[in-house]
Participant: 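Below is the structure I would like to discuss, written out as structure tokens.
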Amino acid sequence: MNWPADYHMHTPLCRHAKGEPVEYAAHAVALGLTEIGFSDHSPMRQDNYDEWRMNFDKLAEYVEKVNQARRDFPNLTIKLALEVDYLPGQEPWIRELAALYDWDYFIGSVHYVSDSWAIDNPDKLSEWKQRDPFEVWSVYFDWLTRAAESRLFEIIGHADLPKKFGIYPKQNCTPLFVRFLEAAARSGVAIELNTAGLRKDCREIYPSPKFVRLANEHGVPITFGSDAHAPGEVGLNFTEAISLAKNCGYRDCCRFTRRLREMVPI
Ligand SMILES: [Zn+2]
Ligand SMILES: [Zn+2]
């Protein structure tokens, strides 16, 4: 089996993942993966913006841990990346981060739909009960579309994250998906098939089969990610993700080196 690269993996520096990068790399090698990428939650300009990302003073340590894994596993290609939160107004900070190291790619993710509410935070689940789901999904996709248009990212993370807790609007969300996908296609940004959704209440890969089919119709390329927060989650459910991609018409996926894309067969 020729596995796609796992481009979404975390480290303990974000304060809610377990296992050192060398342990993630060892697991990847045991599975037979040939390429992985670390994409831990990036610092915000303001340290301790929340409790689930690294502070800025950990960034050099992060890069060193990834480089240590590269030295320990010379036959495994290991990419250096970040999962960067997109909020409108953060663009200058994201450009500053981009200039600091030789990143291979940035995953742009929307978790926040306001300065203070990350929709996937289980501690903030009560917020969902106070909002109209369609309004939340609409703000989320508006920001996700802006993230795609910003050209700050190679990949957009878990594109239908608002489904995490299984809370769906009654309204038809297809126009929100299409507007985002048109922006992604124009900007040349990929989406990831993120298997972590299978481990959440929604029990479904991010994004949904309908969304992935629409993405293919719009010519938006893909990557694969486990969103591993522990070494044992590396490459998890990739068989299902590959089936999803192929059933939706995909024949290849992206790899990135120093922010340049190449296409490889799935
Ligand atoms: Zn996380
Ligand atoms: Zn995320």
Side-chain angles (χ1 to χ4, degrees), residues 6-21 23-24 36-44 47-55 58-59 62 65-66 79 81-87 90 94 97 103 105-114 116-125 127-128 136-137 139-141 143-148 150 152-165 180 184 189-202 204-208 211 222-237 241:
D6 187 344
Y7 267 2
H8 197 145
M9 306 188 317
H10 293 275
T11 82
L13 293 171
C14 69
R15 298 177 278 179
H16 66 279
K18 292 189 288 263
E20 292 302 316
E23 298 173 75
Y24 286 70
I36 59 173
F38 287 92
S39 51
D40 210 358
H41 297 286
S42 71
M44 295 282 208
D47 274 343
N48 299 313
Y49 185 90
D50 52 42
E51 67 290 346
W52 49 270
R53 67 185 60 255
M54 70 179 93
N55 280 332
K58 296 289 185 210
L59 197 59
Y62 171 62
K65 282 173 184 279
V66 173
K79 296 295 167 64
L82 287 172
E83 180 183 13
V84 181
D85 274 75
Y86 179 80
L87 290 89
Q90 290 291 319
I94 298 167
L97 281 175
W103 308 109
Y105 57 91
F106 273 5
I107 299 178
S109 291
V110 173
H111 303 100
Y112 283 90
V113 293
S114 73
S116 58
W117 183 32
I119 55 168
D120 63 326
N121 187 343
D123 299 336
K124 299 271 178 84
L125 192 51
E127 286 278 333
W128 274 104
V136 177
W137 282 60
V139 174
Y140 173 85
F141 275 99
W143 289 19
L144 201 72
T145 302
R146 291 205 231 177
S150 72
L152 294 167
F153 312 111
E154 282 67 38
I155 305 164
I156 294 294
H158 43 58
D160 63 354
L161 182 67
K163 75 180 176 186
K164 176 177 176 180
F165 299 114
F180 160 72
V189 63
I191 59 166
E192 63 166 3
L193 304 197
N194 180 317
T195 60
L198 291 168
R199 315 195 286 274
K200 312 297 182 191
D201 295 341
C202 59
E204 185 181 78
I205 288 172
Y206 303 114
S208 67
F211 193 116
I222 54 168
T223 60
F224 292 83
S226 63
D227 214 338
H229 284 70
E233 293 175 350
V234 172
L236 203 58
N237 298 116

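Throughout, residue positions are numbered sequentially from 1 according to the sequence presented. First listed ligand is number 1; within each ligand, the first listed atom is number 1. Just so it is clear, the structure is predicted and the values come from calculations on it, not from any experiment.
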Participant: His158 and Glu83: side-chain donor and acceptor closer than 3.5 Å?
Facilitator: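 Indeed, the side chains of His158 and Glu83 share at least one donor-acceptor pair under 3.5 Å.
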Participant: Give a yes or no answer on whether the side chain of Tyr62 reaches the backbone of Asp40 with a donor-acceptor pair at less than 3.5 Å.
Facilitator: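 Yes, the answer is positive, given that a donor and an acceptor are paired below the 3.5 Å cut-off.
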Participant: On the 0 to 90° scale, with breaks at 30° and 60°, tag the Trp128-Trp117 ring pair as parallel, tilted or perpendicular.
Facilitator: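 Trp128 and Trp117: perpendicular rings.
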Participant: Angle at the Zn ion (ligand 1), NE2 of His229 to NE2 of His16, rounded to 10 degrees, please.
Facilitator: 100°
Participant: Taking the basic N atoms (NZ, or NE/NH1/NH2) and the acidic carboxylate oxygens, is any pair closer than 4.0 Å for Lys200 and Asp120?
Facilitator: no
Participant: Is His111 close enough to the Zn ion (ligand 2) to have an N, O or S atom under 2.8 Å?
Facilitator: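 Short answer: yes, at least one N, O or S atom is under the cut-off.
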Participant: Answer yes or no as to whether an N/O/S atom of His41 is found below 2.8 Å from the Zn ion (ligand 1).
Facilitator: yes
Participant: Closer than 2.8 Å to the Zn ion (ligand 2), do we get an N, O or S atom from Glu83, backbone or side chain?
Facilitator: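 Yes, since at least one N, O or S atom of Glu83 sits under 2.8 Å from the Zn ion (ligand 2).
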